[in-house]
Asks: 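Before anything else, here's the structure in question.
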Amino acid sequence: MEPKIAEKAWDPKLENAILKKWEEEKLYDFQLCDNNYTIDTPPPYPSGRPWHIGAASHYAQIDMIARTARMSGKNVYFPIGIDRNGLPVELYTEKKHGIRMRETERGKFLELCKNALDDLEAEMIQIMKSLGLSGDFKNYYRTDSEDYRKFTQETFIDLWKKGAIYLATRPNNYDWVSGTTIADAEIVYEEIPTKLVYMKFITKETKKQIIIASTRPELLCACKTVIVNPNDERYSDLIGKELIVPLTNNEVKITPHHSAKIEFGSGAVMVCSYGDQNDVALFRELQLVEVIAIGLDGRMTEVAGEYQGLKPKQARTKIIEDLENSNLVEKIEDISHRTPLSERSKTPIEIVPMEEYYLKQKDSLEKMKKLGEEIEFYPNMHKQILMNWLESISIDWPISRRRFYGTEIPIWHCNECSEPFVPESGKYYRPWKDKCPAEKCAKCGNTEFTGEERTFDTWMDSSVSPLFVTKFNRDEEFFKKTYPTAIRPQAKDIVRTWLYYTLLRCEKLTGEKPWSEAWIMGYGLDEKGMKMSKSKGNAIDPLPVIEKSGADTFRFWSASEINQGYDFRCSEQKIESTRKFLSKLWNVSRFLSSFPIIKSGQLSESDKWILSELNKLISVCKEGYSKYNFFIPSTAIREFTWNIFAAQYIEIAKARAYGIGFTDEERDGAIFTLHKVLSTILKLLAPITPFITEHLWQTLYSQDSIHKENLPDIENVDDMSEMTQLLSEFNSKVWNEKKQKELSLKDSIKIDVPETLSQFKKDLIAMHNLESN
RNA sequence: GGGCUCGUAGUCUAGCUCGGUUAUGACGUCGCCUUUACAUGGCGAAGAUCCGGUGUUCAAAUCACCGCGGGCCCA
């Protein structure tokens, strides 16, 4: 008989045609129903080339979630979005064009960013499509579109009206030469020679002298406490006592803190607002009241007393002189200090408190913990990342950024009295260029306003993704039927940011949790287990890998190699070798395609045995799918298909399927069972490898798509799994003996079928051409 | 520097909750075999101080403690 499948191997190039067909048939288009299953898809950020192979793997698995739900009878809503706000594209654009953001006209700079994003995005969409994502590409959204930004602004205006937003000062990295705050990503560190000054402090009560070393003596006026390591015996009796600060004569407490290093300087460290980032953390943690010692002009303020107006470096020289004259210096060491510099001006940055917008979150923490408890995490262990984070939040969320490429904060300020004006929602506002919609200030009646130039933290945009895709405030029926969404799939590294902020924002806006399940994936590492980065040169570009091996190979690798929630290593060689399994599946199908499809037959004991094994497989797969753990079905299916179905059953049933020495009914039993098993395998595998299963399904079994099928159900059959090992041992024994005796597999041999396998005797004799006994 | 988290052959993984088998299976490697749907295959072999140390126990991959290493987040 001629096999229906003629080609000798699965050709990944067929995937393109299948993709096209799915698109033509609108197979994955979403129509609102009642049993909607909404995925809060992470919108990927096009930050540069190449896209991360770990991310490609991540999206392949998110698609498996969608397909699993679809094959479980759900009406799947799988939105596709692109996240386009934020710092990375600004840095990319600066580098690409050799320009500086703040030295470029804002409108012009935004245009350049937009073009860069369009470019990077096109490639990303291309990869997502060729991976076989069954998403709603037709309606894909961008977080920098007018619609999305308008929506982000609406949610801000809403929260502003509810009183959830306020202004407060917080320390910022400040480059006084460029006159701007800078992001952490724009800081470079350099070893710079400086003086470590050992100053004499005095305890208030006992007048005992304590030596404190610092590279920033000019900040004595902003010193608020002195910390010592709790294990440092030199100071154990002084903890909690007051110290007199030299020159200023201020009084400060000695506080124990683990960040004080016993071996550095004298072991006692002065904490000032703000010498470095550690000071910032300590002020926050110890709830100290900050003093502004350095102003926006980069000079000492009035709290510095006689040093007011000097630059920090000049003030330092002067203070050291004065301290020495008053005999308050024990010694001075020349050291090399790792100093944070502004990447652009190469001057040391100062940390200066500035006014920023805050969203209240401390008052929601208990509520967040409760929601966190209610949400099912896959794997459960990663719920801990959220819970630990909720325990450690100590300040409200600063939501304003002094950047260009982001959603503008919709506020104008009165030029006369600074009263803020927040417009009505419903429009996309750009206060840096738009005229204030208000005629005059509500407070003082002045008619001149200045638009806010700042943008939102990007998490302000991305944290409303579940509300945007469910059309919150825009389509009530749609929202009601899709929110709360079913699942948030995302990476482990942004649980504290994206997952947490989404929980916070959605609860504040809707009073409900955004999803009932969260699926957390690990991180893609290189072959040696190191993080991939462009600078290290160990990054793997996913596109050529997918083009070469095919999406299904890539997807099966992802499923069978990645343990749920754990970090994983990416190796091209390993991805390529996964293809062998698809070849095996192809060949099994090609062989079976030479037999007709029949509805029933007389089942032999061997048929009943493989159907019982198949039943076990269905049960394992469905268990794995229900936990969105694709490692379980993929490895189980490979094991079953290769080692049980192909290696044992097909060999056992082959002679009977050919009908030689068997009745037609017996023959039909074999043919029926062969197809029953293969069609079940295809359905079980369809969420993981949608292309090859579709091709084989449509070639063999149906005109219609396999992706409209449901996952197979468990059937009520007797468990015969104890036979599996006996059968495979007996078959191996026969094959080995023939090999030893240099017989062909067709040759006859005299081996008795053991009593335990007597029920399979007829099949086994025919299979091995055993001399009848 | 701090917090969290993980650690079983080159790689992925079962076993760990509840201590007792020769530590499971697969990929890769090596050797042999044109053999029947499939050499994109078959058969076989080697490969693990279960991260290290200490403790508990008759007995530890498994329990406890202390380290070391990777990763992530924060600084």
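In the text below, chain A, chain B and the rest are named by the order of the sequence lines, each starting its count at 1. Both backbone and side-chain heavy atoms feed into the values below; hydrogens, waters and symmetry mates do not.
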Asks: Could you tell me if A:S57 and A:S558 have a donor-acceptor pair between their side chains, going purely by distance under 3.5 Å?
Replies: yes
Asks: Is there a side-chain contact between A:R496 and the phosphate of B:C73, meaning an N or O under 4.0 Å from OP1 or OP2?
Replies: no
Asks: Considering only atom P, compute the distance from B:G25 to B:A45 and round it to an integer number of Å.
Replies: 12 Å
Asks: Under 4.0 Å from OP1 or OP2 of B:G41: is there any side-chain N or O of A:K584 that close?
Replies: no
Asks: Base, sugar-phosphate, or nothing for A:A646, non-hydrogen atoms under 4.0 angstrom?
Replies: base
Asks: Contact class for A:V588 (heavy atom, under 4.0 Å): base, sugar-phosphate, or nothing?
Replies: base
Asks: Answer yes or no: is there an ion pair linking A:D747 with A:K738, defined by an N-O contact shorter than 4.0 Å?
Replies: no
Asks: Respond yes when some side-chain nitrogen or oxygen of A:K738 is under 4.0 Å from OP1 or OP2 of B:C43, and no when none is.
Replies: no
Asks: With ring centroids as reference points, do A:Y500 and A:W397 lie under 6.0 angstrom apart?
Replies: no
Asks: Using whole Å, report how far CD1 of A:I562 lies from P of B:G71.
Replies: 18 Å
Asks: Please determine, for the side chain of A:M381, which listed nucleotide (B:A37, B:C4, B:C6) has the closest atom?
Replies: B:C6
Asks: Give a yes/no on whether any side-chain N or O of A:Y658 is located under 4.0 angstrom from OP1 or OP2 of B:A37.
Replies: yes
Asks: I'd like the P distance from B:U22 over to B:C27, given in whole Å.
Replies: 26 Å
Asks: B:U13, B:U36, B:A37: which one has an atom nearest the side-chain heavy atoms of A:N563?
Replies: B:U13
Asks: Looking at A:K746 and B:U36, is any side-chain donor or acceptor paired with a base atom of the opposite kind under 3.5 Å?
Replies: no
Asks: Report the nucleotide, chosen from B:C43, B:A75, B:A39, that has the shortest atom-to-atom distance to any side-chain atom of A:K8.
Replies: B:A39
Asks: In whole Å, I'd like the distance from the CD1 atom of A:I5 to the P atom of B:C38.
Replies: 14 Å
Asks: Give one of base, sugar-phosphate or nothing for A:E391, where a contact means two heavy atoms less than 4.0 Å apart.
Replies: nothing
Asks: Could you state the atom-to-atom distance from CD1 of A:I520 to P of B:C6 in whole Å?
Replies: 15 Å
Asks: Please name the nucleotide paired to B:U54 by Watson-Crick or G-U wobble geometry with both distances under 3.5 Å, or report none.
Replies: B:A64
Asks: For A:S560 and for A:W10, locate the closest nucleotide of RNA chain B by heavy-atom distance; then report the residue assigned to the nucleotide nearer the 5' terminus.
Replies: A:S560
Asks: Could you say whether A:H382 or A:S583 is positioned toward the 5' end of RNA chain B, judged by the nucleotide with the nearest heavy atom to each?
Replies: A:H382
Asks: What integer distance in Å separates A:Y523:OH from B:U5:C1'?
Replies: 15 Å
Asks: Would you mind pulling out the nucleotide paired to B:C32, Watson-Crick or G-U wobble, both distances under 3.5 Å?
Replies: B:G42
Asks: Measuring only the P atom in each nucleotide, how far is B:U5 from B:A64? A whole number of Å is fine.
Replies: 14 Å
Asks: Just N and O in the side chain of A:K580: are any of them under 4.0 Å from OP1 or OP2 of B:G41?
Replies: yes
Asks: Side chain of A:K574: nearest nucleotide among B:A37, B:C12, B:A75?
Replies: B:C12
Asks: In whole Å, I'd like the distance from the CZ atom of A:R656 to the C1' atom of B:U36.
Replies: 18 Å
Asks: Should A:W642 be listed as having a side-chain N or O under 4.0 Å from OP1 or OP2 of B:G42?
Replies: yes
Asks: With rounding to whole Å, what would you report as the distance between B:A9 and B:C51 at their C1' atoms?
Replies: 14 Å
Asks: What nucleotide among B:C43, B:A37, B:C4 has an atom nearest to a side-chain atom of A:Q384?
Replies: B:C4
Asks: Choose from B:C38, B:A75, B:U40 the nucleotide whose nearest atom is closest to any side-chain atom of A:R590.
Replies: B:C38
Asks: A:I632 CD1 to B:G25 C1': how many Å, rounded?
Replies: 15 Å
Asks: Taking the six-membered ring for Trp, are A:F595 and A:F672 closer than 6.0 Å centroid to centroid?
Replies: no
Asks: For B:U49, which nucleotide is its Watson-Crick or G-U wobble mate, given both distances must be under 3.5 Å?
Replies: none
Asks: Identify which nucleotide among B:G25, B:U40, B:C43 has an atom closest to any side-chain atom of A:E639, counting heavy atoms from C-beta outward.
Replies: B:G25
Asks: Do the ring planes of A:W586 and A:H695 sit parallel (below 30°), tilted (30 to 60°) or perpendicular (above 60°)?
Replies: parallel
Asks: Using a 4.0 Å heavy-atom cut-off across all strands, classify A:F581 as base, sugar-phosphate, or nothing.
Replies: nothing
Asks: Would you call A:K369 and A:E373 a salt bridge, taking side-chain N to carboxylate O under 4.0 Å as the test?
Replies: no
Asks: Between A:K676 and A:D607, does any NZ, NE, NH1 or NH2 come within less than 4.0 Å of an OD or OE carboxylate oxygen?
Replies: no
Asks: Using atom P in both nucleotides, what's the gap between B:G70 and B:U29 to the nearest angstrom?
Replies: 29 Å
Asks: Rounding to the closest angstrom, what is the interatomic distance between B:A75 and B:U11 at atom P?
Replies: 34 Å
Asks: Any side-chain N or O of A:N587 below 4.0 angstrom from OP1/OP2 of B:G41?
Replies: no
Asks: Given B:U36, B:C27, B:A26, identify the nucleotide with an atom nearest to the side chain of A:L745.
Replies: B:U36
Asks: Applying the Watson-Crick and G-U wobble criteria at under 3.5 Å, what pairs with B:U5? Answer none if nothing qualifies.
Replies: B:G70
Asks: Among side-chain atoms of A:T255 and A:T225, is any donor-acceptor pair under 3.5 angstrom?
Replies: yes
Asks: Spell out, as yes or no, whether a donor-acceptor pair under 3.5 Å connects the side chain of A:E290 to the backbone of A:P171.
Replies: no
Asks: Identify whether any heavy atom of A:F568 sits under 4.0 Å from a base atom; if not, whether one sits that close to sugar-phosphate; answer base, sugar-phosphate or nothing.
Replies: nothing
Asks: Does B:A26 have OP1 or OP2 sitting under 4.0 Å from an N or O in the side chain of A:R638?
Replies: no
Asks: Determine which nucleotide pairs with B:A26, using a 3.5 Å limit on both distances of a Watson-Crick or G-U wobble pair.
Replies: B:U11
Asks: Using the P atom on both, measure B:C12 against B:U56 and round to a whole Å.
Replies: 34 Å
Asks: Any side-chain N or O of A:N388 less than 4.0 Å from the OP1 or OP2 oxygen of B:C4?
Replies: no
Asks: Using atom P in both nucleotides, what's the gap between B:C66 and B:A59 to the nearest angstrom?
Replies: 23 Å
Asks: Distance check needed: B:U5 C1' versus A:L525 CG, whole Å only.
Replies: 13 Å
Asks: Specify the separation, in whole Å, of atom CG of A:N731 and atom P of B:G44.
Replies: 12 Å
